[in-house]
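Here is the structure we will look at.
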Protein chains: 2
Amino acid sequence: MSVLKLLEAQKAGMTLADRQIAEFILDDPGRMLELSSAALAEATGRSQSSVVKFSQKLGYAGYQQLKLAVNKAKALEWHAPGGVIHGTIDASDSYVTILQKLIGSKLLSMRETSSANNEEAVDAALAKLSSARKVLLAGVGASSLVAADFSYKLLKLGRTVLLNSDSHIQISNASALDESDALMALSHSGRSVETVRIAELAKRRGATVISVTGMQTNPLAELADIRLFTVADEDRVRSSAITARDAQLMLMDMLFIMLLRYQTDANDFIHDSESAVTVFKV
Amino acid sequence: MSVLKLLEAQKAGMTLADRQIAEFILDDPGRMLELSSAALAEATGRSQSSVVKFSQKLGYAGYQQLKLAVNKAKALEWHAPGGVIHGTIDASDSYVTILQKLIGSKLLSMRETSSANNEEAVDAALAKLSSARKVLLAGVGASSLVAADFSYKLLKLGRTVLLNSDSHIQISNASALDESDALMALSHSGRSVETVRIAELAKRRGATVISVTGMQTNPLAELADIRLFTVADEDRVRSSAITARDAQLMLMDMLFIMLLRYQTDANDFIHDSESAVTVFKV
DNA sequence: CGAAACTTGGAATATTGTATTCCGAAATGA
DNA sequence: TCATTTCGGAATACAATATTCCAAGTTTCG
């Protein structure tokens, strides 16, 4: 995940001084690289110590490390894939342009989502998903559809999965969890009331909570044992959670494919389930 | 030109001290980024001032600038081989390779789906979707989730949508259609029994049938009034309908975005529905 | 051949930059 | 309203970097 995206996402929740510094960096990352902590402080009208503290709050050891991260983000930014257009979709766009921009946005979200998650978190999630006695999936709205898609895949792998779009039933299911179970909770905002409640309940029951949320600080990720992240490109595809959903799907698809490797008998299950479905074909 | 390439090229013509420093950096650029000029001097057995002079001889203002250059070179190098990879995902692939191949397959499906549909068919579908009194969505398995996703979007646009995963209820709904209504039937194979039955019924009732199927000849597309197509990349992402689903979603997302242009009051609806949902956020 | 001029690279030092501590002010909460 | 926490700047301690200076080794040329 690029620092710049991280800043963008967290900016809103920052204090005044931090936000001013973040804005300066986002506005002109190249300039920031030439500035010392004191110079950046002067340019933003804050104190040098605030700049250092800002760096540390972001998780870096100090200002130098933040600089390196910004430098890296800037270097990678250049690398736009060929034939893909990144731009805001607007009403005057032609049919072809809309398609190109839509694909571009989807691709961007998928790429950033794939780099937003480190291998350790993914491994931890995989280990728990494959060892858990049962897996409860939670999500409302668009996230519930992603949850349903994933549950469908887990079922194909022969795993025990609980899913219900009715939040009362989800709560009941969560109450029945224990240490050997896992809850996978999806919410791009990380703030959907029902999903957070279910996660709290599951955690109290001792189940492992895996969160799938956006990068901004949010209650769901905070209480989770294993945190996975999705990155959306909402600015470009206005309205509706299109790229947020794509990012979630991308992450779940990846988990599914990785689970196939964990589980040696996976292909048998999939084959069985697919030939069973063939009965319903014309 | 990356600093690392530059070092490699100039190394031979350097003095002893400089060559030792260059070698250390080439050997482990990541390590160098963590070291101060003094620490690097110690590690190479030279003096701190030599390190600074080395940086300046290369054309940088100082050691810090050299560090930024190395950091950038490293970032680009790491990212360079990571374009879009088209290949079959197999068990021995690394984490990063799986991600790249998965994204590559998704991208391929989306691109081919976008070129598989001509603008006339899309326009006809849009016209019917926005003028129909009510829209019935049909699909089973993974397609039902795509249908649900689309119904969610249509609801946001204030349209009357019928959707139910229970095929008996879907049949009842189809029986109640007439000429002013539309049925959108999704099935990648075009052969799912329930979906085909519903489409036949809807057609008999005089409703406009829009099919969303794969490109191969299939019963569903044959009886449809408007045919839309999806292209999957199943060969590469083995098992399960990942890219078929992505292609369907891509098509539906595109329809949704185009509907936004048809319908001038669309943004009001979306805004209302989104602020209504905000009530449920923590 | 040998002294002047130049190069190399380290020690010492000056300069600059970074991180921590401390404290008052503001916000938060009981 | 008073206690507690958070925020952010000033001062300061600490660290890193850049420059200067010098000794030893090289080259140049009378």
Side-chain angles (χ1 to χ4, degrees), chain A residues 3 6-7 9-72 191 216-219 222, chain B residues 3 7 10-26 28-74 282:
Chain A
V3 221
L6 188 85
L7 284 181
Q10 298 199 338
K11 194 173 62 172
M14 287 178 177
T15 59
L16 179 65
D18 286 351
R19 194 162 57 249
Q20 286 178 317
I21 296 170
E23 236 134 42
F24 185 96
I25 296 173
L26 286 171
D27 187 53
D28 190 351
R31 177 90 199 293
M32 175 267 190
L33 292 175
E34 302 169 352
L35 267 39
S36 67
S37 59
L40 176 57
E42 165 130 21
T44 53
R46 319 305 314 189
S47 75
Q48 185 260 336
S49 65
S50 292
V51 172
V52 175
K53 284 172 193 166
F54 172 81
S55 310
Q56 292 171 335
K57 276 182 213 161
L58 287 172
Y60 299 98
Y63 179 65
Q64 302 277 20
Q65 280 67 17
L66 172 64
K67 249 190 175 176
L68 287 177
V70 170
N71 182 247
K72 182 173 174 181
R191 307 186 166 277
Q216 73 287 7
T217 310
N218 67 75
E222 265 166 35
Chain B
V3 222
L7 284 180
Q10 299 200 339
K11 195 174 61 171
M14 288 177 177
T15 60
L16 179 64
D18 287 349
R19 192 160 60 248
Q20 285 178 316
I21 296 169
E23 236 136 42
F24 185 95
I25 296 173
L26 286 171
D28 191 351
R31 178 90 200 294
M32 175 266 190
L33 292 175
E34 301 168 353
L35 268 38
S36 68
S37 59
L40 176 58
E42 166 134 20
T44 54
R46 319 303 328 192
S47 74
Q48 183 260 335
S49 63
S50 293
V51 173
V52 175
K53 284 174 192 166
F54 171 81
S55 309
Q56 293 169 334
K57 278 183 213 161
L58 286 172
Y60 300 98
Y63 180 65
Q64 301 277 23
Q65 281 68 15
L66 172 64
K67 248 189 174 175
L68 288 177
V70 170
N71 182 247
K72 182 173 174 181
K74 214 173 132 274
V282 178

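When reading the values below, keep in mind they use all heavy atoms of this one structure, side chains included, and skip hydrogens, waters and symmetry mates. Letters A, B, ... mirror the listed sequences (proteins, then strands); counts begin at 1.
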Check: Can you list, by residue number, the residues of residues 62-71 of chain A that have a non-hydrogen atom closer than 4.0 angstrom to DNA chain D?
Finding: none
Item checked: A:Glu222 atom CD, over 12 foreign heavy atoms within 6.0 Å ->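 Correct, the count exceeds 12.
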Check: What does nucleotides 6-14 of chain C look like as a protein-contact string, B for base, S for sugar-phosphate only, - for none, at under 4.0 angstrom between heavy atoms?
Finding: --SBBB---
Item checked: Contacts of B:Ser47 that satisfy side chain to side chain donor-acceptor pair (under 3.5 Å) - sequence neighbours left out ->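 If we apply the side chain to side chain donor-acceptor pair (under 3.5 Å) test to B:Ser47, skipping adjacent residues, the hits are B:Ser49, B:Ser50.
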Margin query: Per the side-chain hydrogen bond (donor to acceptor under 3.5 Å, both in side chains) rule, what does the pair list look like for residues 30-41 of chain A, sequence neighbours excluded?
Written below: A:Ser37-A:Gln48
Identify all side-chain donor-acceptor contacts of residues 14-24 of chain A below 3.5 Å with residues at least two apart in sequence or on another chain.
{"from": "A:Asp18", "atom 1": "OD2", "to": "A:Lys57", "atom 2": "NZ", "distance (Å)": "2.6"}
{"from": "A:Arg19", "atom 1": "NH1", "to": "A:Met14", "atom 2": "O", "distance (Å)": "2.8"}
{"from": "A:Gln20", "atom 1": "OE1", "to": "A:Arg46", "atom 2": "NE", "distance (Å)": "3.4"}
{"from": "A:Gln20", "atom 1": "OE1", "to": "A:Arg46", "atom 2": "NH1", "distance (Å)": "2.7"}

Check: How would you give the extent of chain B contacts on DNA chain D, as first and last nucleotide 5' to 3' within a 4.0 Å heavy-atom cut-off?
Finding: D:dA16 to D:dT20
Next item on the list: Please list, chain by chain and in numerical order, all residues satisfying side-chain contact (heavy atoms from CB on, under 4.5 Å) with B:Gln65, sequence neighbours excluded.
Entry: B:Tyr60, B:Ala61
Check: Which residues pass the side-chain contact (heavy atoms from CB on, under 4.5 Å) test with A:Leu68, sequence neighbours left out?
Finding: B:Leu33, B:Leu68, B:Asn71
Check: So, do A:Ile25 and A:Phe54 sit near enough that their side-chain heavy atoms are less than 4.5 Å apart?
Finding: yes
Item checked: Side-chain heavy-atom pair A:Leu66, A:Val51 within 4.5 angstrom cut-off ->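 Of all side-chain heavy-atom pairs linking A:Val51 with A:Leu66, none is under 4.5 Å.
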Check: Can you name the nearest heavy-atom pair linking B:Ala43 to B:Leu35, along with the distance?
Finding: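 For B:Ala43 and B:Leu35, the tightest heavy-atom pair comes out as CB-CD2, 4.4 Å.
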Checklist line | Minimum heavy-atom distance A:Leu40-A:Met32, with the two atoms named | finding: CD2-CG, 4.3 Å
